[in-house]
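So the structure is just underneath, and the comments pick up after that.
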Amino acid sequence: MTTQQMSIRSAYFKKILRPGRFLKYNLVILIGLSLVSFLWMYPFLWSVFTAFKTDGAIWNAGATLLPDEWVWSNIPDAWEKANFSTYFFNTVLYSVSATTIVLITTAMCGYVLARYRFFGRNIIYGVVLATLFVPIATVIIPQFQLVKTLGLLNTRMGVILALSGGGGLYVLLFTSFFSTIPEEIYDAAKIDGAGFVQQFRISLPLAKPIIATVVIFQFMQTWNEFNVPLVFTFGSPELRNLAVGMYAFQGEFAMDWPGFAAGTVISIIPVLLVFFFFQGYFVRGLQGAVKQ
């Protein structure tokens, strides 16, 4: 390599590595976004670190996150003394069952609306779309009357059925996705003798991004639900979920803040695990929904 070629290459690399105007702007934006992100996450971080503090340390620490002395007994105490083991089991049962029911019903409804043209289809599609604008709190009284009539009040099955309603957004997502599947796939399945159920089973694995989106949204919504488990288990406190069970830390004259924070940590771990497990499909599902 000649001296001239070495000089040209050296000048080229200096030009690449030289901080440009856009790089400086990007660094400023990155620092600004990092500060905003920290401020946004601060309440969550405060709750997590409060679970490892004493009651006195909470009020003496001020805005400090890290405790001076780590107390590891708050989480076991919350699990045992506040009956969190029962509340945790109920929450898992309600969330998994309601998510499974909503996933199956919305997927089948979206499949029918996408594949078949029948009388009243547009009306049904419009009604499903209209349910997105109905506040959830307005339907809790009809749900209560229905569950009471079925004799399922103060039972786990009654809570699961009440939490399994709605899902209009998920129906639209499945309808939009199944509409993009080529008709040739269904024609080939018909030639092989596949009926309605078999064709649906062929199509469903292709909808993994939408399935992940539905699982994350519905699981989080059911896991954090407060009104339905409170109203439908008013006569049976042992059937409540974690969101309602957090009231166990509220006494007549005081609040057990370390126990409350420990209960918060226990309640958010499963939600984070579900999100991290499905996040890849979740992002693709949102991208597909935006494209449609």
(request) Hey, could you give me the CD/NZ distance between E183 and K190, rounded to the nearest 0.5 Å? (result) 6.0 Å
(message) Please check this pair: side chain of N90 against backbone of E238, looking for a donor-acceptor N/O pair closer than 3.5 Å.
(response) yes
(message) Do F234 and F232 land in one hydrophobic cluster if side-chain heavy atoms of ILVMFWY residues count as linked below 4.5 Å?
(response) no
(message) Is there a path of hydrophobic side-chain contacts, each under 4.5 Å between heavy atoms of I/L/V/M/F/W/Y residues, joining I124 to M108?
(response) yes
(request) Calculate, to the nearest 0.5 Å, the distance between atoms CZ and CD1 belonging to F200 and I104 respectively. (result) 8.0 Å
(request) Report the distance from atom OG1 of T91 to atom CG of N224, rounding to the nearest 0.5 Å. (result) 9.5 Å
(message) Is the shortest side-chain heavy-atom distance between V159 and T155 below 4.5 Å?
(response) no
(request) Return the minimal non-hydrogen interatomic distance between S179 and A114, and the atom names on each side. (result) OG-CB, 3.4 Å
(request) State, to 0.1 Å, how close G168 and L132 come at their nearest heavy-atom pair, and which atoms those are. (result) C-CD2, 3.7 Å
(request) Of all the heavy-atom pairs spanning A107 and L204, show the shortest one and how long it is. (result) CB-CD1, 4.0 Å
(message) Do I181 and V112 land in one hydrophobic cluster if side-chain heavy atoms of ILVMFWY residues count as linked below 4.5 Å?
(response) yes
(message) So does L239 get a backbone contact from the side chain of S236, meaning a donor-acceptor N/O pair under 3.5 Å?
(response) no
(request) Apply the test side-chain contact (heavy atoms from CB on, under 4.5 Å) to residues F217 and F219: give CA-CA distance (whole Å), side-chain angles for both, the deciding distance (0.1 Å), then the verdict. (result) CA-CA 6 Å; F217 280 166; F219 187 87; over 6 Å; no
(request) Please say whether more than 12 non-hydrogen atoms of neighbouring residues, nucleotides or ligands are located less than 6.0 Å from CH2 in W40. (result) no
(request) Answer yes or no: is there a side-chain heavy-atom contact under 4.5 Å between F174 and Y111? (result) no
(message) Membership question, hydrophobic clusters at under 4.5 Å side-chain separation (ILVMFWY): are L173 and V127 in the same one?
(response) no
(message) Main chain of E225, side chain of N241: is a donor-acceptor contact present, judged purely on distance under 3.5 Å?
(response) yes
(message) Check for me whether the distance between the ring centres of W223 and Y94 falls short of 6.0 Å.
(response) no
(request) Enter the distance from L163:CG to Q221:CD here, rounded to the nearest 0.5 Å. (result) 8.5 Å
(request) Apply the test side-chain contact (heavy atoms from CB on, under 4.5 Å) to residues V271 and V274: give CA-CA distance (whole Å), side-chain angles for both, the deciding distance (0.1 Å), then the verdict. (result) CA-CA 5 Å; V271 178; V274 170; 5.9 Å; no
(request) Verify the neighbour count for atom CZ of R121: are there more than 12 heavy atoms of other residues, nucleotides or ligands below 6.0 Å? (result) yes
(request) Evaluate the side-chain contact (heavy atoms from CB on, under 4.5 Å) criterion for residues Y87 and V244: first the C-alpha distance (whole Å), next the side-chain angles of each, then the deciding distance (0.1 Å), finally the verdict. (result) CA-CA 9 Å; Y87 296 147; V244 182; over 6 Å; no
(message) With a 3.5 Å distance limit and no angle check, can you tell me whether T131 reaches the backbone of V128 through a side-chain donor-acceptor pair?
(response) yes
(request) Report yes if the side chains of T50 and N74 come closer than 4.5 Å at any heavy-atom pair, otherwise no. (result) no
(message) With a sphere of 6.0 Å drawn around CG of L272, does it hold more than 12 non-hydrogen atoms of other residues, nucleotides or ligands?
(response) yes
(message) So does I101 get a backbone contact from the side chain of S164, meaning a donor-acceptor N/O pair under 3.5 Å?
(response) no
(request) Indicate if L45 and V71 have the same hydrophobic cluster label, given that clusters are the connected sets of ILVMFWY residues with side-chain heavy-atom separations under 4.5 angstrom. (result) no
(request) Evaluate whether atom CD1 of I141 has more than 12 neighbouring non-hydrogen atoms of other residues, nucleotides or ligands under 6.0 angstrom away. (result) no
(message) I'd like to know whether the aromatic ring centres of F84 and W79 sit less than 6.0 Å apart in this structure.
(response) no
(message) Treating S267 as the side-chain partner and G263 as the backbone partner, does any N or O pair qualify as donor plus acceptor under 3.5 Å?
(response) yes
(message) With rounding to the nearest 0.5 angstrom, report the OG1 to CZ distance, T175 to R115.
(response) 13.0 Å
(request) Keeping the roles fixed (side chain from T213, backbone from P209), state whether a donor-acceptor pair exists under 3.5 Å. (result) yes
(request) Would you indicate whether F226, at its atom CZ, is surrounded by more than 12 heavy atoms from other residues, nucleotides or ligands within a distance under 6.0 Å? (result) yes
(message) So does V96 get a backbone contact from the side chain of T99, meaning a donor-acceptor N/O pair under 3.5 Å?
(response) no
(request) Specify the closest pair of heavy atoms between G167 and T106, including all atoms of both residues, with the distance to one decimal. (result) O-CG2, 3.5 Å
(message) How close do V171 and L113 get, counting heavy atoms only, and between which atoms?
(response) CG1-CD1, 3.9 Å
(message) Check E69 with K53, please: is the shortest side-chain N to carboxylate O separation under 4.0 Å?
(response) no
(message) If only side-chain N and O atoms count, and only distance matters, is there a donor-acceptor pair under 3.5 Å linking Q145 with T149?
(response) no
(message) If I compare all heavy atoms of F260 with all of M246, which pair ends up nearest, and what's the gap?
(response) O-CE, 3.3 Å
(request) Starting at CD of Q143, measure out to CG of L146 and round the result to the nearest 0.5 Å. (result) 8.0 Å
